[in-house]
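Predicted model, so just to flag it, every value in this text is computed and none were measured. Just so you know, ligand 1 is whichever comes first in the structure, and atom 1 is the first atom listed for that ligand.
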Amino acid sequence: MIKIEAIPTFQDNYVWAIHNGRSAILVDPGQAAPILAWLNATGMTAQAILVTHHHHDHVGGIAELLEHAPAPVYGPARGAVMSTAVREGQVLHFEAIPMNFKVIETPGHTLDHVCYLAGNERDDVSRLFCGDTLFSCGCGRLFEGTPAQMYASLSRLAELPGSTLVYCAHEYTLENIAFALEADPDNPDLLARHAAALQLRKQGKATLPIPLSSEIKCNPFLRCDLPALVVAASQHYKKPLNPGVDTFAAVRTWRDEV
Ligand code: ZN
Ligand code: FE
């Protein structure tokens with residue numbers, strides 16, 4: 001039986017632990033202490049570490065973690081702690097976890113950003129570990145890539161089956177919804193997601209994972225080809241914008257301003 005748990009680190013990061021009760025695959029361990037405490041408390045061993053990109057809040061805990069819990073590290077080539085560099089289309093397998101982890105390169109937030117799509121033949125639901133590329137009702141800031149790169153990356157993710165469960169690296173949902181409601185105020189699915197997310201946070205629960213189908217209906221960055229977003233962004237910047245990357249670039253800049 002495979003379980004996926006969120007280990008909170010820093011203010012709002014989640015390290016996703018995919019485990020069978022004995023061994024765990026850890027995604028983006030930015031901080032060692034909470035992970036070591038979790039491994040201790042559960043009696044589990046780290047089987048592998050997966051990294052989505054080189055930012056400190058995603059890799060900062062690896063060196064210390066390896067001192068106590070040696071495990072192979074997979075991730076983009078950038079960053080000294082990576083022991084195995086991964087590439088687009090590569091599929092990773094791990095002994096204890098009967099899932100394939102397919103690498104999807106998603107440049108934009110950083111140029112080296114990758115996502116991992118996990119699944120197996122028996123399970124009709126895939127799970128997307130998307131780091132800082134896709135957030136619930138938001139997306140990562142463009143630190144290194146261009147709007148066109150990020151738009152292409154998000155568009156690829158949006159083509160995955162709607163049942164795909166999205167595991168983002170941050171709990172940014174409510175902040176993202178506050179902005180999304182400015183850009184897309186009449187979206188009933190967004191209003192429903194807002195109510196559900198408020199309820200979850202009130203109970204101290206994560207708003208993740210979330211099915212991709214919900215993001216398609218709610219996330220303004222996945223809706224930049226739709227009239228509502230094109231019109232809203234065009235009005236905000238007082239210039240006509242084209243659907244697609246043009247609108248995406250404007251909505252991303254708009255988000256950075258609030
Ligand atoms: Zn980042
Ligand atoms: Fe981050």
Side-chain angles (χ1 to χ4, degrees), residues 4-18 25-35 38 49-65 73-82 85-86 88 101 103-118 127-154 156-157 165-180 197 201 206-210 215 219-222 248-249 251-253 255-256 258:
I4 303 178
E5 280 181 55
I7 306 171
T9 56
F10 300 111
Q11 288 297 302
D12 49 35
N13 282 72
Y14 291 132
V15 174
W16 294 104
I18 303 125
I25 295 170
L26 302 163
V27 183
D28 284 351
Q31 207 178 14
I35 312 298
W38 183 83
I49 292 169
L50 302 183
V51 172
T52 62
H53 66 297
H54 68 272
H55 282 163
H56 178 76
D57 62 312
H58 299 253
V59 300
I62 295 177
E64 192 186 336
L65 201 54
V73 183
Y74 298 86
R78 238 166 98 188
V81 286
M82 260 29 104
V86 296
E88 168 70 32
F101 289 78
V103 178
I104 304 175
E105 291 181 356
T106 53
H109 175 67
T110 62
L111 291 174
D112 66 347
H113 200 296
V114 300
C115 298
Y116 299 92
L117 183 66
R127 294 153 205 281
L128 180 70
F129 298 92
C130 51
D132 288 358
T133 292
L134 177 63
F135 294 125
S136 181
C137 299
C139 74
R141 273 173 191 265
L142 302 184
F143 283 115
E144 296 178 4
T146 62
Q149 279 176 316
M150 187 62 149
Y151 187 68
S153 294
L154 290 171
R156 279 191 70 193
L157 299 182
L165 292 176
V166 178
Y167 295 78
C168 319
H170 289 268
E171 179 61 66
Y172 285 161
T173 308
L174 287 179
E175 298 95 305
N176 285 337
I177 290 175
F179 168 74
R201 295 310 287 151
T207 60
L208 305 166
I210 183 79
E215 290 306 304
N219 191 324
F221 297 100
L222 301 183
F248 172 78
V251 175
R252 186 57 256 183
T253 308
R255 174 74 177 93
D256 291 338
V258 297

For the Fe ion (ligand 2), what is the number of protein N, O or S atoms at a distance under 2.8 Å?
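Near the Fe ion (ligand 2), the number of protein N, O or S atoms below 2.8 Å is 4.
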Straight-line distance of Leu157 CG to Leu222 CG, nearest 0.5 Å:
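Between Leu157 CG and Leu222 CG, I get 8.0 Å after rounding to 0.5 Å.
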Could you label the plane-to-plane angle of the [X] and [Y] rings as parallel, tilted or perpendicular, counting under 30° as parallel and over 60° as perpendicular?
X	Y	value
Phe10	His56	tilted
Trp16	Tyr14	tilted
His58	His53	tilted

Do any N or O atoms from the side chain of Glu144 and from the backbone of Leu111 form a donor-acceptor pair under 3.5 angstrom?
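Flag set: sc Glu144 to bb Leu111 pair under 3.5 Å.
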Any side-chain heavy atom of Leu154 sitting closer than 4.5 Å to one from Thr133?
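Side chain of Leu154 against side chain of Thr133, heavy atoms only: contact under 4.5 Å found.
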Non-hydrogen side-chain atoms of Cys130 and Val166 separated by less than 4.5 Å:
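When only atoms from C-beta onward are counted, Val166 and Cys130 do touch, with a gap below 4.5 Å.
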Can you confirm whether Gln11 is buried at CD, in the sense that more than 12 heavy atoms of other residues, nucleotides or ligands lie under 6.0 Å from that atom?
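Not buried by this count: 12 neighbours or fewer within 6.0 Å.
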Metal environment of the Zn ion (ligand 1), protein N/O/S under 2.8 Å:
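His53 NE2, His55 ND1, His109 NE2, Asp132 OD2, with waters left out.
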Going through the distances and angles, do His109 and His55 end up as a side chain to side chain donor-acceptor pair (under 3.5 Å)?
CA-CA 10 Å; His109 175 67; His55 282 163; 3.1 Å; yes
